[in-house]
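Below is one structure, written out as structure tokens, with a few remarks after it.
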Number of protein chains: 2
Amino acid sequence: MSTPTTPSTDVAEPRRRRKPGTKPRLSRQGIIEAAFAVSERDGAQALTFQAIGAQLGAHPTAIYRYFRDKDELLLALLDAIHAEALAGAPEPTDDWAADLAELGRRTYAAFLRHPQVAQFAGARTARRENEFRKVDRVVGCMRTAGFEDADAARYYRVFSDLILAHAALDASLAALDPATRAADLRSWDVEYRTLPADLFPDLAAVADHLPRVDDPGNFELAMELMLDALRMRAAAARSRRRPDDGRKRT
Amino acid sequence: MSTPTTPSTDVAEPRRRRKPGTKPRLSRQGIIEAAFAVSERDGAQALTFQAIGAQLGAHPTAIYRYFRDKDELLLALLDAIHAEALAGAPEPTDDWAADLAELGRRTYAAFLRHPQVAQFAGARTARRENEFRKVDRVVGCMRTAGFEDADAARYYRVFSDLILAHAALDASLAALDPATRAADLRSWDVEYRTLPADLFPDLAAVADHLPRVDDPGNFELAMELMLDALRMRAAAARSRRRPDDGRKRT
DNA sequence: ACCTGAACACCGTTCAAGT
DNA sequence: ACCTGAACACCGTTCAAGT
């Protein structure tokens with residue numbers, strides 16, 4: 001218990017040694033909470049030091065004492081989103097595909113709860129405690145599926161990327177200022193449904209069936225398809241390991 | 001030939017009627033090309049009116065005569081990226097899955113040729129000529145696959161979202177300023193490979209096999225898995241239509 | 001030690017002014 | 001008609017100054 005749980009030193013809370021007589025009003029955790037509060041309340045480009053400072057009742061530049069720059073704050077917020085996704089997630093079971101779906105859904109939901117943050121976070125690596133835990137969980141599911149290590153690593157990456165890419169994409173749409181977002185959505189109800197059939201015959205044929213771009217069912221279907229494909233490959237991997245048990249054709 | 005090829009009026013080039021004696025130095029197309037030139041040359045936050053103006057040898061605000069605001073320029077750039085993806089794309093064949101893969105690869109490549117633009121464009125709807133054409137092509141592949149209209153529309157959306165989401169995600173990473181990007185990449189070679197195995201056992205087991213986050217093979221594998229799943233569903237859809245031809249079990 | 005104020009180098013956007 | 005210049009309300013970040 002003498003060693004910290006998080007091994008990377010640059011993410012530890014306050015390496016500042018507290019002197020008696022100093023009572024800090026701010027904290028990393030307080031700033032993180034203020035940032036989420038602001039990002040949910042305000043639209044458009046909500047995540048500014050000015051807004052976070054106002055939310056804290058402090059000067060915007062006071063934040064620099066706790067985060068080196070805005071990017072470090074962003075990575076902390078990303079890790080907090082991972083924590084939110086993991087909080088209350090059920091323990092792993094034998095049904096690795098269902099476990100992956102559960103983790104995927106929770107991650108997607110956590111991202112969409114904070115679209116202003118999430119739109120910039122999908123491609124980033126938080127390299128912090130909760131992200132480590134999430135990676136470990138997803139890799140665990142792939143190993144439970146029966147993939148050998150190299151494949152478990154590959155399929156971990158491709159599954160996580162699917163979740164993060166979709167979550168960031170849908171968060172980007174949700175984070176648009178309302179007028180811009182409405183105009184984008186409207187184009188699928190107007191322009192895309194009134195295109196001339198002679199120029200765009202296939203589009204015209206299915207125009208009445210186009211799902212909304214902001215339908216969460218799009219993400220669900222994407223994950224379902226990927227899990228279908230992974231189940232096939234997992235079955236193949238297991239039958240390769242124990243040929244007596246697998247039923248392969250050709 | 002009297003009607004314009006693009007049916008939506010708000011995207012038409014210059015609805016300004018030219019008076020004699022006026023010789024515009026700028027144009028929509030010229031601004032678009034300058035924007036791409038700037039976005040490829042400069043890193044970080046390259047896509048500013050100041051930089052585009054400098055590239056054109058014109059005042060930054062001169063652009064406002066050709067694009068209402070930065071968002072309209074972004075949508076024009078997105079459509080230009082779609083045009084790039086379609087340029088030289090082979091005609092549709094009977095092998096709809098290979099056609100989809102080809103379109104996906106070209107779209108991904110076009111996005112990654114312009115990461116500074118692409119990082120903001122994935123979730124947007126350009127609602128312009130080349131996007132219409134692309135949607136029509138992908139829907140066409142789904143109909144060739146044998147999906148009925150509602151399913152063709154659903155699978156069009158989920159396939160396009162996969163491509164756009166991955167392309168935007170990888171573009172976001174590529175668009176980071178070099179130091180930030182390097183730090184993110186390095187964390188997969190350092191932090192993630194030195195985590196304590198007792199706390200993260202599954203991660204530790206596969207740590208040596210983790211693919212790089214910027215490996216384009218991640219996108220390829222994601223698309224491959226989705227096409228696997230779509231092939232299965234297409235076979236099922238066809239056997240539902242012509243039960244004599246399909247070989248279903250159960 | 002902790003926070004504030006002022007300053008700097010940027011942004012997008014508007015609008016009056018030049019030609 | 002087309003472009004420029006000045007101005008406005010913002011950004012993130014640095015640094016000296018307050019307490």
Side-chain angles (χ1 to χ4, degrees), chain A residues 12-31 34-35 38-39 42-77 116-117 119-120 124 175-177 179-180, chain B residues 12-31 34-35 38-39 42-77 116-117 119-120 124 175-177 179-180:
Chain A
E13 165 77 6
R15 59 277 187 228
R16 293 163 269 111
R17 46 246 162 271
R18 193 89 72 68
K19 282 261 183 67
T22 71
K23 37 200 163 186
R25 289 174 39 238
L26 305 180
S27 68
R28 281 193 158 229
Q29 192 53 38
I31 292 168
V38 162
S39 96
D42 307 348
Q45 40 255 56
L47 209 66
T48 70
F49 280 23
Q50 325 227 63
I52 301 170
Q55 171 78 17
L56 289 163
H59 199 271
T61 63
I63 299 168
Y64 281 92
R65 187 152 281 274
Y66 297 86
F67 296 94
R68 190 162 32 77
D69 54 21
K70 203 180 178 185
D71 199 65
E72 198 195 318
L73 174 57
L74 175 66
L75 294 185
L77 292 170
Q116 299 288 349
V117 178
Q119 64 180 328
F120 301 114
R124 304 304 305 280
L176 291 176
D177 76 280
T180 306
Chain B
E13 165 75 5
R15 60 278 188 227
R16 292 162 272 109
R17 47 246 161 275
R18 192 87 75 66
K19 282 259 185 67
T22 71
K23 37 202 162 186
R25 287 175 41 238
L26 306 180
S27 68
R28 282 196 155 224
Q29 192 53 39
I31 292 169
V38 163
S39 95
D42 307 347
Q45 41 256 54
L47 209 66
T48 70
F49 279 24
Q50 324 226 66
I52 301 170
Q55 172 77 20
L56 289 162
H59 199 272
T61 63
I63 299 168
Y64 282 92
R65 185 151 282 275
Y66 297 86
F67 296 95
R68 190 161 32 76
D69 53 22
K70 204 181 178 184
D71 199 66
E72 200 196 316
L73 174 58
L74 175 67
L75 295 186
L77 293 170
Q116 298 289 349
V117 177
Q119 63 180 328
F120 301 114
R124 304 304 305 280
L176 290 176
D177 75 280
T180 305

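Computed over heavy atoms, backbone and side chain alike; hydrogens, waters and symmetry mates excluded. Note on naming: letters A, B, ... go to the chains in the order of the sequence lines (proteins, then strands), and numbering restarts at 1 for each one.
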For this session: Take A/L56 and A/R25 through the side-chain contact (heavy atoms from CB on, under 4.5 Å) test and state the conclusion after the steps.
Result: CA-CA 9 Å; A/L56 289 163; A/R25 289 174 39 238; 5.9 Å; no

Exercise. Taking it one step at a time, do A/L176 and B/R124 satisfy side-chain contact (heavy atoms from CB on, under 4.5 Å)?
Worked result: CA-CA 9 Å; A/L176 291 176; B/R124 304 304 305 280; 3.6 Å; yes

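Counting only distance, with no hydrogens or angles, the side chain of B/D71 and the backbone of B/L74 share no donor-acceptor pair below 3.5 Å. Remark: the backbone N or O of A/I31 is not paired with any side-chain donor or acceptor of A/Y66 at under 3.5 angstrom.
Taking atom CZ of B/F67 as the reference point, atom P of C/dT13 lies 13 Å away to the nearest angstrom. Going from atom CZ of B/F49 over to atom C1' of C/dT13 covers 9 Å, rounded to whole Å. Nucleotide D/dG12 holds its P atom 15 Å from the CG atom of B/D177, rounded to whole Å. Straight-line distance from the CG atom of B/L56 to the C1' atom of D/dC3: 12 Å, rounded to whole Å. Atom pair B/F120:CZ and C/dG12:P shows a separation of 11 Å (rounding to whole Å applied). Rounded to whole angstrom, the span from the CG atom of B/D69 across to the P atom of C/dC11 amounts to 18 Å. For B/K70 and C/dT14, the NZ to C1' distance is 17 Å, given to the nearest whole Å. The CD1-P distance, from A/I52 to C/dC3, rounds to 15 Å in whole Å.
Here the closest heavy-atom approach between residue A/G53 and residue A/I63 is recorded as N-CD1, 4.2 Å. Shortest non-hydrogen contact noted between A/K70 and A/L47 is NZ-O, 2.6 Å. A/I52 approaches A/L73 most closely through the heavy-atom pair CD1-CD2, 3.9 Å.
With a cut-off of 3.5 Å on both pairing distances, the Watson-Crick and G-U wobble pairs of DNA chain D assemble into stems of 3 or more at C:4-8 with D:12-16, C:12-16 with D:4-8.
Contact check, A/Q50 against D/dC10: no side-chain N or O comes under 4.0 Å of OP1 or OP2.
In this structure, B/T48 OG1 and B/Q116 CD are separated by 10.5 Å, a value rounded to the nearest 0.5 Å.
Legend: residues meeting side-chain contact (heavy atoms from CB on, under 4.5 Å) with A/Y64, ordered by chain and number and at least two apart, are A/F49, A/T61.
Here C/dA1 is the nucleotide among D/dT13, C/dT13, C/dA1 with the atom lying nearest to any side-chain atom of A/R65. Residue A/Y64 places its side chain closer to D/dG12 than to any other of C/dC2, D/dG12, D/dC11.
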Show each protein N/O and nucleotides 4-6 of chain C N/O combination with a separation under 3.5 Å, one pair to a line.
residue, atom, partner, partner atom, Å
C/dT4, OP2, A/H59, N, 2.5
C/dG5, N7, A/H59, NE2, 3.1
C/dG5, O6, A/T61, OG1, 3.3

